[in-house]
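To start, the structure under review is shown below, and the notes come after it.
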Amino acid sequence: MKRIIMYVFIILSSSCYYDAADLLYPASGVCDTTPTSYSQKVVPLLQQQCYSCHLNASTGGGIMMGTYTADKVLATNGKLYGSISHTAGYSAMPKGGAKMTNCQIAIIKQWIDAGTPAN
Ligand code: HEC
């Protein structure tokens, strides 16, 4: 019986559940930008820092995000990267919040540079 419990514990603790902790808190100093993944890497960041306003035209100043198609439009026209990198000529985002970390910006840039794959 003890043995079974131990196996269950091992299985549970080693089951690979992906979360974005390394993206949100890159305290390890390692910035892992590969593989590029919209759903696994880009969406968690946007969800945490952008969708609160941009799922809604009224709170997002008319800029819609939150679907692959909408996010791709902003990625392709340069506004996504311009705003998160605080480039002159773009509104700095997230509005009223701290700039994304260099790692988070690099992850999004890599997705853009890879041609915004829907993966
Ligand atoms: C607190 C609400 C809020 C949050 C959070 C927020 N935005 Fe915005 N965003 C706005 C509003 C309002 C506007 C329109 C007014 C303006 O441009 O400042 C806007 C404008 C933009 C624009 C257009 C900028 C331009 O120069 O044309 C982009 C792109 C954008 N946001 C992306 C983002 C991204 C990416 C994030 C997350 C990193 C984010 N926003 C977070 C409220 C927000």
Side-chain angles (χ1 to χ4, degrees):
M1 186 59 186
K2 243 189 186 158
R3 207 166 244 209
I4 291 172
I5 290 171
M6 206 155 97
Y7 284 138
V8 169
F9 179 74
I10 289 168
I11 289 165
L12 285 179
S13 55
S14 62
S15 67
C16 181
Y17 139 79
Y18 184 92
D19 81 7
D22 61 324
L23 305 183
L24 305 176
Y25 316 104
S28 59
V30 177
C31 184
D32 182 10
T33 59
T34 55
T36 299
S37 168
Y38 172 69
S39 60
Q40 299 289 300
K41 298 194 128 186
V42 174
V43 168
L45 294 175
L46 301 181
Q47 210 156 34
Q48 208 213 15
Q49 307 208 25
C50 317
Y51 290 170
S52 56
C53 294
H54 286 289
L55 288 182
N56 210 301
S58 60
T59 53
I63 307 284
M64 291 299 289
M65 298 178 74
T67 62
Y68 170 74
T69 308
D71 293 349
K72 182 187 164 82
V73 168
L74 291 180
T76 309
N77 68 18
K79 289 188 175 184
L80 177 61
Y81 185 70
S83 67
I84 62 171
S85 60
H86 295 189
T87 300
Y90 298 95
S91 303
M93 294 290 145
K95 199 173 198 59
K99 189 180 179 183
M100 285 181 152
T101 66
N102 289 340
C103 183
Q104 292 169 335
I105 293 170
I107 286 166
I108 291 175
K109 182 170 190 301
Q110 208 214 15
W111 174 66
I112 296 170
D113 290 348
T116 66
N119 55 355

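All ligand and atom numbering here is 1-based and tracks the order in the structure.
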>> How far is atom 16 (C) of ligand 1 from the closest protein heavy atom, and which atom is that?
In response: S91 OG, 3.3 Å
> Can you list the ligand 1 atoms lying under 4.0 Å from a non-hydrogen atom of I63?
Replying inline: 20 (C), 21 (C), 22 (C), 23 (C)
> Could a heavy atom of G60 be found less than 4.0 Å from some atom of ligand 1?
Replying inline: yes
>> Below a 4.0 angstrom heavy-atom separation, can you tell me which part of S83, side chain or backbone, both or neither, approaches ligand 1?
In response: side chain
>> When you measure from the side chain of S83 to the backbone of K79, do you find a donor-acceptor pair of N or O atoms at a distance under 3.5 Å?
In response: yes
> How far is atom 14 (C) of ligand 1 from its nearest protein heavy atom, and which residue and atom name does that atom have?
Replying inline: G61 CA, 3.7 Å
> Which ligand 1 atoms does L80 reach within 4.0 Å, using its non-hydrogen atoms?
Replying inline: 35 (C)
> Any side-chain heavy atom of S39 within less than 4.5 Å of one from N119?
Replying inline: no
> Is the closest side-chain heavy-atom distance between L55 and M65 below 4.5 Å?
Replying inline: no
>> Nearest 0.5 Å, please: how far is OG1 in T34 from CD in Q110?
In response: 6.5 Å
> Tell me: protein heavy atom nearest atom 36 (C) of ligand 1, and distance?
Replying inline: C50 SG, 2.7 Å
> Regarding T69 and T67, is there a side-chain donor-to-acceptor distance under 3.5 Å anywhere?
Replying inline: no
>> If I compare all heavy atoms of T33 with all of I107, which pair ends up nearest, and what's the gap?
In response: CG2-CG1, 3.9 Å
>> How far is atom 5 (C) of ligand 1 from the closest protein heavy atom, and which atom is that?
In response: Q49 O, 3.4 Å
> To the nearest 0.5 Å, what is the distance between OG (S85) and CE (M93)?
Replying inline: 12.0 Å
> What atoms of ligand 1 come within less than 4.0 Å of a heavy atom belonging to T59?
Replying inline: 12 (C), 42 (C)
> Tell me, which protein residue and heavy-atom name are nearest atom 18 (O) of ligand 1, and how many Å apart are they?
Replying inline: K95 NZ, 2.6 Å
> Of the protein's non-hydrogen atoms, which lies at the shortest distance from atom 7 (N) of ligand 1, and what is that distance?
Replying inline: H54 NE2, 2.7 Å
> Any side-chain heavy-atom pair from L45 and M100 closer than 4.5 angstrom?
Replying inline: yes
> Side chain or backbone of L45 under 4.0 Å from ligand 1, or both, or neither, by non-hydrogen atoms?
Replying inline: neither
>> At less than 4.0 angstrom from any non-hydrogen atom of I84, what atoms of ligand 1 do you find?
In response: 35 (C), 38 (C)
> Tell me, which protein residue and heavy-atom name are nearest atom 3 (C) of ligand 1, and how many Å apart are they?
Replying inline: C53 SG, 2.6 Å
>> Ignoring hydrogens and geometry beyond distance, is a side-chain donor-acceptor pair present between Y51 and D71 at under 3.5 Å?
In response: yes
>> I need the atoms of ligand 1 closer than 4.0 Å to a non-hydrogen atom of K79, numbered in the order shown.
In response: 27 (O), 29 (C)
> Can you tell me which residue and heavy atom of the protein come closest to atom 32 (C) of ligand 1, and the distance to 0.1 Å?
Replying inline: M93 CG, 3.5 Å
> Under 3.5 Å, is there a donor-acceptor pair between the side chain of K41 and the main chain of D32?
Replying inline: yes
